[in-house]
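Notes follow the structure.
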Amino acid sequence: MGSPITEAQRYGGPKSTNERLHRRKGGYRFAVATHETTVEQFSRFRKNHSFNREYSREERSPANVITWYDAVAYCNWLSQQEGIAEEQWCYTIDPQDPMKVQMAADFMSRRGYRLPTEFEWEYACRAESRTSRPHGETKELLTRYAWYADNSGTEFTMPVGTLRPNDFGMFDMFGNIFEWNQEFYEPYSSNYINTANPTQSLKVDKEMLRLLRGGSFNNQALFVRSAVRLTSPPDIRSYIFGFRASRTYD
């Protein structure tokens, strides 16, 4: 994970810990949705959600104006829709206050839907590549895989899955819309092999910045790389914030 100090456009320069190169080991099976959650999909969960239709114009466009809390609520709902037992859901949400969220201590081993961890997202994005993008270092091929400033006109998102997938069959891992991850932000600590299981606080604090990945339709190529990490408070609604779901398999 992260980027070597020689990577072109590395955020923060060679001394930055934000993209410090390091290794993580998984050791478990997981799945990440092949595309971002769409307007049509999220509307089944929340019919009156206030999408910004100026930027997500079609039903197959990525759902936008999504907070971290909205995304995890959708994950619990999706678990319910698929008949997954409640004791396997990954989040406990106060029905009187949707911003009071507790992650289950064993959420990594539960079968319910959840947001991808940073490790899972970057692994799915890289598709075992070691370059700044799965198809190579330069941006010449980027317009074949990502809707970003050079080909979107910086105007709005596009329907999911309309460009090429990476070698894992994942669409729109770059561009279109930033995607929430599970964890809150921490600088990468050091260059060593550690666990892929997050050990952070399970109680969600809205004052702690949470991670988003992948870049959006109005970003330059600088922000459309595998190692890029954006942060935001979990209660922020933005026309460039969305998500895709993940889950653990036995």
Side-chain angles (χ1 to χ4, degrees), residues 1-33 36 68 71 107-108 114-142 145-146 148-149 165-201 208-216 219-234 240-244 246 248:
M1 294 183 68
S3 62
I5 60 174
T6 55
E7 183 167 303
Q9 300 180 314
R10 188 179 196 262
Y11 185 80
K15 294 184 178 180
S16 172
T17 59
N18 186 56
E19 293 186 15
R20 178 180 283 165
L21 192 65
H22 66 289
R23 300 177 66 189
R24 293 191 188 181
K25 184 175 182 180
Y28 65 99
R29 293 199 306 146
F30 65 94
V32 180
E36 295 151 337
W68 187 92
F107 76 86
M108 289 292 291
R114 54 178 172 77
L115 293 178
T117 66
E118 260 206 305
F119 161 79
E120 293 167 347
W121 191 95
E122 191 163 328
Y123 184 83
C125 175
R126 287 187 177 278
E128 299 186 343
S129 65
R130 296 190 179 186
T131 50
S132 61
R133 303 176 181 98
H135 53 272
E137 292 286 350
T138 65
K139 71 172 189 176
E140 277 68 26
L141 295 177
L142 190 54
Y145 295 87
Y148 75 113
N166 68 15
D167 286 350
F168 280 176
M170 307 294 293
F171 293 91
D172 303 302
M173 295 300 290
F174 292 138
N176 231 10
I177 206 161
F178 269 107
E179 302 173 16
W180 288 107
N181 280 194
Q182 178 85 318
E183 301 102 311
F184 62 77
Y185 171 77
E186 290 181 302
Y188 290 143
S189 56
S190 60
N191 185 25
Y192 68 102
I193 300 174
N194 63 358
T195 178
N197 188 351
T199 56
Q200 300 177 324
S201 171
M208 299 189 74
L209 300 176
R210 302 197 89 82
L211 288 154
L212 298 113
R213 294 298 213 103
S216 71
N219 283 145
Q220 300 295 323
L222 165 66
F223 294 101
V224 189
R225 296 178 295 108
S226 301
V228 170
R229 311 165 84 202
L230 183 74
T231 63
S232 174
I240 58 170
F241 289 0
F243 72 103
R244 70 178 74 212
S246 174
T248 303

Report the distance from atom OG1 of Thr117 to atom CZ of Phe30, rounding to the nearest 0.5 Å. 7.0 Å

Find out whether Glu137 and Glu7 are in side-chain contact, i.e. whether some heavy atom of one side chain is under 4.5 Å from a heavy atom of the other. yes

Separation of Leu142 CG from Phe174 CZ (nearest 0.5 Å): 7.0 Å

Decide yes or no for Ser3 and Leu21: does some side-chain heavy atom of the first lie under 4.5 Å from some side-chain heavy atom of the second? no

Between Val32 and Ser246, what is the shortest heavy-atom contact and its length? CG2-OG, 4.0 Å

Side-chain donor/acceptor of Asn219 to backbone N/O of Tyr148, under 3.5 Å: no

Quick one: are the ring centres of Phe168 and Tyr123 less than 6.0 Å apart? yes

Rounded to the nearest 0.5 Å, what separates atom CG in Leu115 from atom CZ in Arg213? 13.5 Å

Salt-bridge test for Glu19 and Arg229: reply yes if a basic N is under 4.0 Å from a carboxylate O, no otherwise. no

Between Ser216 (side chain) and Gly175 (backbone), is there a donor-acceptor pair under 3.5 Å? no

Side-chain heavy atoms of Pro234 within contact of Phe184, under 4.5 Å: no

Check each of Trp68, Phe241, Tyr185, Trp121 against Leu212 using the side-chain contact (heavy atoms from CB on, under 4.5 Å) test, and report the only one that passes. Phe241

Side chain Arg20, main chain Gly2, donor-acceptor under 3.5 Å: no

Does Glu118 use its side chain to pair, donor to acceptor, with the backbone of Glu183 at less than 3.5 Å? no

Please tell me if the side chains of Pro134 and Ser226 come closer than 4.5 Å, counting only heavy atoms from C-beta onward. yes

Any side-chain heavy-atom pair from Phe107 and Gln182 closer than 4.5 angstrom? yes

Quick one: are Arg225 and Arg133 in side-chain contact, heavy atoms under 4.5 Å? yes

How long is the gap from CG on Asn181 to CZ on Phe119, to the nearest 0.5 Å? 12.5 Å

On a heavy-atom basis, which atom in Ser132 and which in Gly136 lie closest, and how many Å separate them? OG-O, 3.8 Å

Please name the pair of heavy atoms, one in Ile177 and one in Glu36, separated by the smallest distance, quoted to 0.1 Å. O-OE2, 3.2 Å

Note, Glu120 side chain near Met108 side chain (heavy atom, < 4.5 Å): yes

Thinking salt bridges, do Arg24 and Glu122 make one under a 4.0 Å N-O criterion? no

Calculate, to the nearest 0.5 Å, the distance between atoms OG1 and CZ belonging to Thr231 and Arg210 respectively. 12.0 Å

To the nearest 0.5 Å, tell me how far Gln220 CD sits from Gln9 CD. 9.0 Å

